[in-house]
Amino acid sequence: MEEAEWVIDLVRDYSDMITYPVVFDLEKMSPDSARMNALSPEERTMCAIAFLDRIAEEGYIPMLYGNLEMFAVLSDSGSVNGIGGNVDMDLCFTDKYK
């Protein structure tokens, strides 16, 4: 809920411009001592549900994203002009946001 409230506070002034989902990124974090890394799969699931439900309550479209270790990712070795290092290059399998 803490992360959901933080995100809602950040995007509130841009609500009329947000057309894509607000995403909960479920990945292991650096450093290894990050609090998400110590959670069990059940605890991570409860956190994701709480975040996504709270985002939906505010009228945004919630979305869950994760990496291969958590469940799936297509590629994390893409590149984008202006961004240093590798970036995730994933697909959205819907035409809803065209």
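Position 1 is the first residue of the sequence; numbering continues from there.
Side-chain contact between Leu26 and Arg44 is present, with heavy atoms from C-beta onward closer than 4.5 Å. Counting heavy atoms from C-beta on, the side chains of Phe51 and Val7 come closer than 4.5 Å.
Here the straight-line distance linking atom OG1 of Thr45 with atom CG of Leu64 works out to 8.5 Å at 0.5 Å rounding. Atom-to-atom distance recorded for Glu2:CD and Arg54:CZ is 13.5 Å, nearest 0.5 angstrom. Here Ile49 contributes atom CD1 and Phe24 contributes atom CZ; the two are 10.5 Å apart, rounded to the nearest 0.5 Å. We find the CD1-CD distance between Ile8 and Glu3 to be 11.5 Å, quoted to the nearest 0.5 Å.
Nearest heavy atoms, Ala50 versus Met1: O-SD, 3.7 Å. Nearest heavy-atom pair, Leu39 versus Cys47, reported as atom, atom and distance to 0.1 Å: CD1-SG, 3.9 Å.
With Tyr60 as reference, Ile18 is the one residue of Ile18, Val23, Leu52 to meet the side chain to side chain contact (heavy atoms under 4.5 Å, CB included) rule.
With Glu43 contributing its side chain and Ser40 its backbone, the two residues share a donor-acceptor pair below 3.5 Å.
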